[in-house]
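All of these numbers come straight from a predicted model, not from anything done at the bench. Whatever order the structure lists them in is the order used to number ligands and atoms, beginning at 1.
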Amino acid sequence: MPKKKWWKESVVYQIYPRSFKDSNGDGTGDIRGIISKLDYLQYLGINMLWISPIYSSPNVDNGYDISDYREIMAEMGTMADWEELRDGLHSRNIKLMMDLVVNHTSDQHRWFQESRSSKDNPYRNYYIWRPGKDGKEPNNWSSEFGGSAWEYDSLTEEYYLHIFSKNQPDLNWENKTVRFEIYDMMKWWSDQGVDGFRMDVINMIAKDPELPDAPIRDSSPYQWGGQFFINGPRLRYYLREMYVKVLSKYDLMTVGETRWVDADMARLFVDDYRHELNMLFHFELLELDYGPSGKWEKKAWELADFKRIISSWQKKLADYGWNSHFLSNHDHPRMVSRFGNDSTYRVESAKMLATLLHTLQGTPYLFQGEEIGMTNVRYSCIEHYRDIETLNMYEEGLKNTKDLMELTEMICEKGRDNARTPMQWDNSPHGGFTDGTPWIPVNPNYEEINVERAQEDQNSILHYYRKLIELRHQYPILVYGDYHLLLHKHTQIYSYLRHWEEDTLLVILNFFQESTTFNLPKRIKFKIGRLLITNYSDTKPAIEMQDLKDFSLRPYEACVYLLD
Ligand code: TEU
Ligand code: CA
């Protein structure tokens, strides 16, 4: 049985601050904008806020390239604004989680400026520098954002490693001084009242010191070297050290972003007795629609995989460790467009997916705009796109004379800007996000999809989220109950039971737009089922066992019953 912890009981809301709310008309969201929406967050019922990076940054990757860990980015506001935000949250019983990006810094960080200045600078070893090999890069690794993972610096005639863009040099975690600088910085923020850290690509910090060539998988000059920089052997040591030096001294909630980790490996990170992290963001669900060559290749996802992956994580972390649940964030297309239906059944399918996220064992995370069912965007021209990953892919695609139509189609479907369009507050120009010109255009559907409208409509997705969140706070079974998959083989229905103490909960989700029927397995007995939540107004409020024989489900219907 899982131990009770406050962070298991929280519901987390993620803000991508550039796109949340602009307070001063410069077109970029900021801290004062967030402060102006604190009552909204409280109304929603969440009890933890995760803010994507707001530290000083030249914004090559929108804050994931930090030039000073202890300062607030000028566009976002000041430290005084941050303090007001922290206090405003705490007075509403909402905790604050900051993003911790320590695999790399910005190339504008003082450490890197020093590091590149000469080979014998004391900061040289803060980053990973190597001489070239036969006039070429030190190895064949590709960058996550295209091209080589190495950049030549003519000043000292060596290359530095950057797994992400060339403006995001990787820190050298082998260097103890670097590690202790980071621990000090984490303590500093914790002393300022931060309640948790979301750790960006935290399982990439331990590179294989040999930096071997990646296996060759295709004809491109650079290859994916993940096996040599993800989950490296020294990772365990670093995380344990971080725990001893920082995490053990505060009551923090930690979530590690970890690509390339399955439920078995997750135990290494989150088993209580290991003292590393509380939970992970894994990529197994989000990569279901990646093709063999990666995210820019289309593949259809299948419900069977959904069930297999979620069930595996639910089982393996049931008693030790903890799960997190999310289907969208700032790096992925909108959940309703990707796994639901963003036209006829937008409302029904968004609610159905929300039901899944809030009725599993684990901590749910929702991404701004998800609570009103914001959708992917289809900009009319490439000039509207901002994301470095998307733009690099487009440039490269053009060079390789890829079909232009095909390129734009991929961007529309998979690009990260889908999640980064401004939050739609009301039907005034730019959706009420800014009085100026937004840094990225608002999705034209803001007149229909916006917070103000959703608040007025009792059947809105927003009100449904409020109810789900309320239920989680009310019923411990939703948080702690164990999980049993039903109807393993059903291709359209996802259904499971949860048990906690004397209680049993039954969740039934029709994942598709075709109607279908549900049959309760005969071994499950109960007298009366009481409806907790549903996305159709006339679902039976009370059921008996015989009702669950050929129980018909409409498009994307979701219902949750408490069984007695
Ligand atoms: O993302 C890590 C990561 O794995 C991404 O490259 C992801 O695979 C990709 O965005 C999917 O399209 C984190 C941050 O969440 C992301 O915003 C940053 O760009 C990245 O790290 C570098 O800090
Ligand atoms: Ca602003």
Side-chain angles (χ1 to χ4, degrees), residues 14 16-36 50-55 57 59-66 72-78 81 99-106 142-146 149 162-171 198-205 224 226 229-230 255-261 280-287 289-290 294-297 326 328-333 338 365 367 386-393 410-411 413-420 422-423 430 433-439:
Q14 182 195 351
Y16 195 66
R18 285 185 89 70
S19 305
F20 190 65
K21 174 71 188 165
D22 176 24
S23 73
N24 61 354
D26 67 356
T28 304
D30 46 50
I31 296 178
R32 299 219 67 83
I34 302 175
I35 293 174
S36 72
W50 153 33
I51 311 187
S52 281
I54 49 175
Y55 315 96
S57 166
N59 286 309
V60 169
D61 190 16
N62 292 347
Y64 284 92
D65 48 325
I66 297 171
I72 299 294
M73 185 194 305
E75 278 177 298
M76 290 290 157
T78 63
D81 294 330
D99 220 302
L100 185 79
V101 189
V102 291
N103 173 69
H104 46 269
T105 68
S106 159
S142 59
S143 148
E144 296 281 319
F145 292 161
H162 60 89
I163 301 295
F164 294 91
S165 83
K166 65 174 195 285
N167 308 103
Q168 293 164 295
D170 282 58
L171 282 165
R198 174 266 185 190
M199 302 186 182
D200 194 61
V201 292
I202 197 66
N203 62 335
M204 293 194 187
I205 58 179
W224 194 65
F229 62 78
I230 302 185
V255 51
E257 188 205 25
T258 52
R259 207 168 133 193
W260 236 42
V261 166
L280 302 179
F281 290 147
H282 72 77
F283 280 66
E284 293 201 298
L285 285 176
L286 295 181
E287 291 185 353
D289 60 0
Y290 284 22
K295 92 174 241 177
W296 298 113
E297 188 180 338
F326 67 101
S328 52
N329 62 33
H330 62 291
D331 290 336
H332 290 275
R338 191 178 189 184
Y365 289 72
F367 177 63
R386 299 284 177 264
D387 173 29
I388 180 170
E389 183 191 54
T390 296
L391 297 176
N392 284 357
M393 185 287 278
M410 272 192 308
I411 292 172
E413 219 167 289
K414 300 236 168 162
R416 304 199 295 185
D417 282 334
N418 281 310
R420 300 175 179 187
M423 181 72 183
H430 310 301
F433 163 70
T434 180
D435 296 333
T437 308
W439 71 279

Anything under 30° is parallel, anything over 60° is perpendicular, the rest tilted; go ahead and classify Phe281 against Phe326. perpendicular
Can you name the atoms of ligand 1, numbered from 1 with element, that are less than 4.0 Å from a heavy atom of Arg416? 10 (O), 12 (O), 16 (C), 17 (O), 18 (C), 19 (O)
One finds that the ligand 1 atoms under 4.0 Å from a non-hydrogen atom of Phe145 are 19 (O)
Of all protein heavy atoms, the one nearest atom 3 (C) of ligand 1 is Glu257 OE2, 4.0 Å
Kindly confirm whether the Ca ion (ligand 2) is within less than 3.0 Å of some N/O/S atom in Thr434? no
Checking contacts here: is it the side chain or the backbone of Trp260 that comes within 4.0 Å of ligand 1, counting heavy atoms only? Could be both or neither. neither
Does an N or O from His332, backbone or side chain, lie closer than 3.5 Å to an N or O of ligand 1? no
So, Asp417 side chain and Arg420 main chain: donor-acceptor pair closer than 3.5 Å or not? no
Among protein heavy atoms, which sits nearest to atom 17 (O) of ligand 1, and what does the distance come to when rounded to 0.1 Å? Asp331 OD1, 2.7 Å
So the atoms of ligand 1 within less than 4.0 Å of a heavy atom of His104 turn out to be 22 (C), 23 (O)
Which of the numbered atoms in ligand 1 are below 4.0 angstrom from a heavy atom of Asp200? 13 (C), 14 (C), 15 (O), 21 (O), 22 (C), 23 (O)
Protein contact to atom 6 (O) of ligand 1 [nearest heavy atom, distance to 0.1 Å]: Phe164 CE2, 3.4 Å
Restricting to N, O or S, what is the name of the atom of Asp22 that lies nearest the Ca ion (ligand 2)? OD1
Geometric class of the His330/Tyr16 ring pair [parallel <30°, tilted 30-60°, perpendicular >60°]: parallel
For residues Asn167 and Val60, report the shortest heavy-atom separation together with the two atoms involved. OD1-CG1, 3.7 Å
Nearest 0.5 Å, what's the CG-CD distance between Asn329 and Gln14? 5.5 Å
Can you measure from CD1 (Ile205) to CG (Leu171) and round to the nearest 0.5 angstrom? 10.0 Å
Kindly indicate, with the supporting measurements, whether the criterion side-chain hydrogen bond (donor to acceptor under 3.5 Å, both in side chains) is fulfilled by Ser57 and Asp65. CA-CA 6 Å; Ser57 166; Asp65 48 325; 3.0 Å; yes
Spacing of Glu287 atom CD and His282 atom NE2 [to the nearest 0.5 Å]: 10.5 Å
Any chance you could lay out the side-chain hydrogen bond (donor to acceptor under 3.5 Å, both in side chains) test for Ser52 and Tyr64, step after step, and finish with the verdict? CA-CA 8 Å; Ser52 281; Tyr64 284 92; 3.0 Å; yes
Sub-4.0 Å heavy-atom approach of Lys414 to ligand 1: no
Looking at His330, which atoms of ligand 1 are within less than 4.0 Å of one of its heavy atoms? 14 (C), 15 (O), 16 (C), 17 (O)
I'd like to check which ligand 1 atoms, numbered from 1 as shown, lie under 4.0 Å from a non-hydrogen atom of Val201. 2 (C), 21 (O)
Glu257 (side chain) donor-acceptor with Val201 (main chain) under 3.5 angstrom: yes
Contact atoms of ligand 1, heavy-atom distance to Arg259 under 4.0 Å: 4 (O), 8 (O)
Backbone N or O of Gly226 within a donor-acceptor pair of the Trp260 side chain at under 3.5 Å? no
Is there an N/O/S atom in Ser23 that lies less than 3.0 Å from the Ca ion (ligand 2)? no
Counting heavy atoms only, which of Met204, Glu389, Met393 is nearest atom 9 (C) of ligand 1? Glu389
Working note: Asn203 + Thr258, criterion side-chain hydrogen bond (donor to acceptor under 3.5 Å, both in side chains); need CA distance, chi angles, decisive distance, verdict. CA-CA 6 Å; Asn203 62 335; Thr258 52; 5.0 Å; no
To the nearest 0.1 Å, how far is atom 18 (C) of ligand 1 from its closest protein heavy atom, and which atom is that? Asp61 OD2, 3.3 Å
Kindly identify the option in Lys295, Arg420, Arg198 whose heavy atom sits closest to atom 12 (O) of ligand 1. Lys295
Name, closest N/O/S atom of Asp26 to the Ca ion (ligand 2): OD1
CG/Asp435: more than 12 non-hydrogen atoms of other groups inside 6.0 Å: no
From the N, O or S atoms in Asp30, identify the one nearest to the Ca ion (ligand 2). OD2
